[in-house]
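For clarity, every value in this text was computed on a predicted model and none was experimentally measured. Below, read A as the first sequence line, B as the second, and so on, with proteins coming before strands; counting in each chain starts at 1.
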2 protein chains.
Amino acid sequence: MILSKSCEYGIRAAVYIAYKSSKGLKAGITEISDEIGSPVHFTGKILQQLSRKKVISAIKGPNGGYFIENSANVYLVDIVRAIDGNELFSACVMGLKNCSDLRPCPMHEQIKPVRTQLLIEFSKKSVQELVQDYEQNKYFLK
Amino acid sequence: MILSKSCEYGIRAAVYIAYKSSKGLKAGITEISDEIGSPVHFTGKILQQLSRKKVISAIKGPNGGYFIENSANVYLVDIVRAIDGNELFSACVMGLKNCSDLRPCPMHEQIKPVRTQLLIEFSKKSVQELVQDYEQNKYFLK
DNA sequence: ACAATAACGGATAAAAATATCTTTTATAAT
DNA sequence: ATTATAAAAGATATTTTTATCCGTTATTGT
Ligand code: FES
Ligand code: FES
């Protein structure tokens, strides 16, 4: 698997939250996990992480919930890094401790461009752009 | 992580086994895990899987061990599929059950070319070619 | 002030992946 | 035949990931 389950949920949640935010609404944990088809409490934990890292915003209490202020400036790579860290874009595909051009594994040269492309794709589109497509029913979140 | 630990060990082991085979020698579990820096018994389990799936060959008893008959016809994708299955090349990056152009997630179009490239890179070079580079000390296995 | 709401935080549980250990089976050499 | 060797197979243990539960804290509306 390319991304951890936590990260999958995190991205899907973020898109949904930004979707709600684009309508001026906040989204609660229950609603979110319902819409993206994820376990409620586990999703809560993930949203906590994203909130702590300022990828999304949270407000407690009545009328509270999650929202994304600046979805135009939030890219999927930010979510991936907040949850899974940067290993996906840097770690050796064959598990060697120090992946580098100086100490490459047999797949190093082959995998380098893939990782770069992966980073580019996760960095390319902002959450806002994804939401626009989502609003046009181009995408599914569950 | 792109590959599971099992798969990482599996690939590294296969390269080393093929390296030994190119010298007409067989490799034992202890030697292999020593050379690639992996836990002995766990490596044994992985080699069992590869053996059952005919990616590598095994012979029991004295002077037995693992070897690879046709390393020119074994590609890394075969090892990956034998251990991790095909999900890496087919599963939705955001965890949706049915990844397809008809029911895409927000990252579907972006990720498709990456997965294709990943498949190509894992399919491109045979284990034999990798061994040739390994013999020239171009690569490390631990 | 009080009650209701909703995220936060810590503790716990279940499942999956990783790792180890032991016994069995096949093979080879003597 | 007997013994030694090495992988296969099965059982068990540990660790990590995923998931759940519960009390706390912040905020809102009455
Ligand atoms: S050393 Fe393996 S990918 Fe760089
Ligand atoms: S639906 Fe997510 S990658 Fe295809």
Side-chain angles (χ1 to χ4, degrees), chain A residues 1-14 17 20-21 25-34 36-68 80 83-85 87-88 91 94-95, chain B residues 1-14 16-17 20-21 25-34 36-68 80 82-85 87-88 91 94-95:
Chain A
M1 261 210 276
I2 290 182
L3 299 175
S4 69
K5 225 130 211 2
S6 296
C7 205
E8 291 176 357
Y9 296 152
I11 295 177
R12 277 150 61 191
I17 292 168
K20 290 285 286 197
S21 294
L25 299 169
K26 300 191 201 71
I29 295 180
T30 314
E31 176 191 358
I32 294 168
S33 53
D34 209 55
I36 71 174
S38 66
V40 183
H41 296 98
F42 191 50
T43 306
K45 289 289 176 198
I46 296 159
L47 295 176
Q48 269 182 49
Q49 294 184 58
L50 292 176
S51 174
R52 267 191 294 248
K53 300 244 173 114
K54 313 287 183 196
V55 177
I56 67 180
S57 308
I59 287 187
K60 288 182 182 177
N63 297 320
Y66 294 97
F67 63 101
I68 297 187
V80 173
I83 297 175
D84 279 356
E87 310 95 63
L88 176 59
M94 281 176 64
Chain B
M1 260 205 279
I2 290 183
L3 300 175
S4 69
K5 226 129 213 358
S6 296
C7 205
E8 292 176 357
Y9 297 151
I11 295 177
R12 277 150 62 191
Y16 180 71
I17 293 168
K20 290 283 287 197
S21 293
L25 299 170
K26 301 191 201 72
I29 295 179
T30 314
E31 176 191 358
I32 294 168
S33 54
D34 208 54
I36 71 173
S38 65
V40 183
H41 295 97
F42 190 51
T43 305
K45 288 291 176 197
I46 296 159
L47 295 176
Q48 268 180 49
Q49 294 184 57
L50 291 177
S51 174
R52 268 192 293 248
K53 300 244 172 112
K54 313 287 182 197
V55 177
I56 66 180
S57 307
I59 288 187
K60 288 182 182 177
N63 297 319
Y66 294 98
F67 62 101
I68 297 186
V80 173
I83 297 175
D84 279 357
E87 311 95 62
L88 177 58
M94 281 176 63

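- Per the geometry, NZ belonging to B:Lys5 stands 16 Å off C1' belonging to C:dA16, to the nearest Å.
- Of the two residues contacting DNA chain D, namely A:Pro62 and A:Ser4, the nearest-nucleotide position lying further toward the 5' end is that of A:Ser4.
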When you compare the protein's N or O atoms with those of nucleotides 7-13 of chain D, which come within less than 3.5 Å of each other, and at what distance?
residue: D:dA7; atom: OP1; partner: B:Ile29; partner atom: N; Å: 3.3
residue: D:dA8; atom: OP1; partner: B:Ser51; partner atom: OG; Å: 3.1
residue: D:dA8; atom: OP2; partner: B:Tyr66; partner atom: OH; Å: 2.5
residue: D:dA9; atom: OP2; partner: B:Arg52; partner atom: NH1; Å: 2.9
residue: D:dA9; atom: N7; partner: B:Lys45; partner atom: NZ; Å: 3.3
residue: D:dA9; atom: N7; partner: B:Gln48; partner atom: NE2; Å: 3.0
residue: D:dG10; atom: N7; partner: B:Lys45; partner atom: NZ; Å: 2.7
residue: D:dG10; atom: O6; partner: B:Lys45; partner atom: NZ; Å: 2.7

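- For the pair A:Ile68 CD1 and C:dA7 C1', the computed distance is 16 Å after rounding to whole Å.
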>> For B:Ile17 and B:Leu47: C-alpha separation, side-chain torsions, deciding distance, then whether side-chain contact (heavy atoms from CB on, under 4.5 Å) applies.
In response: CA-CA 10 Å; B:Ile17 293 168; B:Leu47 295 176; 3.8 Å; yes
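- Paired with A:Thr43 under the rule side-chain hydrogen bond (donor to acceptor under 3.5 Å, both in side chains), one option of A:Ser33, A:Ser6, A:Ser38 passes, and it is A:Ser38.
- Between A:Lys26 atom NZ and C:dT5 atom C1' there is a gap of 12 Å when expressed in whole angstrom units.
- The distance from atom CD1 of A:Ile2 to atom P of D:dT17 is 17 Å, rounded to the nearest whole Å.
- Between the CD1 atom of B:Ile83 and the C1' atom of C:dA16 there is a distance of 17 Å, rounded to whole Å.
- Judged by distance alone, the side chain of B:Asp84 and the main-chain N or O of B:Leu3 form no donor-acceptor pair under 3.5 Å.
- For B:Tyr9 and C:dT18, the shortest distance from a side-chain N or O to OP1 or OP2 is not below 4.0 Å.
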> Where do A:Ile83 and A:Tyr9 land on the side-chain contact (heavy atoms from CB on, under 4.5 Å) test, with the steps shown first?
Replying inline: CA-CA 10 Å; A:Ile83 297 175; A:Tyr9 296 152; over 6 Å; no
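- Between A:Gln48 and A:Arg52 there is a side-chain heavy-atom pair separated by less than 4.5 Å.
- Across the protein-nucleic acid pair, A:Leu3 atom CG and D:dT17 atom C1' stand 15 Å apart, rounded to whole Å.
- What separates CZ of B:Phe42 from C1' of C:dA16 is a distance of 11 Å, to the nearest Å.
- Straight-line distance from the CD atom of B:Gln49 to the C1' atom of C:dA19: 14 Å, rounded to whole Å.
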> Going through the checks in order, is the side-chain contact (heavy atoms from CB on, under 4.5 Å) test met by B:Tyr66 and B:Lys20?
Replying inline: CA-CA 9 Å; B:Tyr66 294 98; B:Lys20 290 283 287 197; over 6 Å; no
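- In this structure, CD1 in A:Ile46 is found 11.0 Å from CD1 in A:Ile32, a value given to the nearest 0.5 Å.
- Contact between the side-chain N/O atoms of A:Ser6 and the OP1/OP2 oxygens of D:dT18 is found at a separation under 4.0 Å.
- Using a 4.0 Å cut-off, some side-chain N or O of A:Asn63 falls inside it from OP1 or OP2 of D:dG29.
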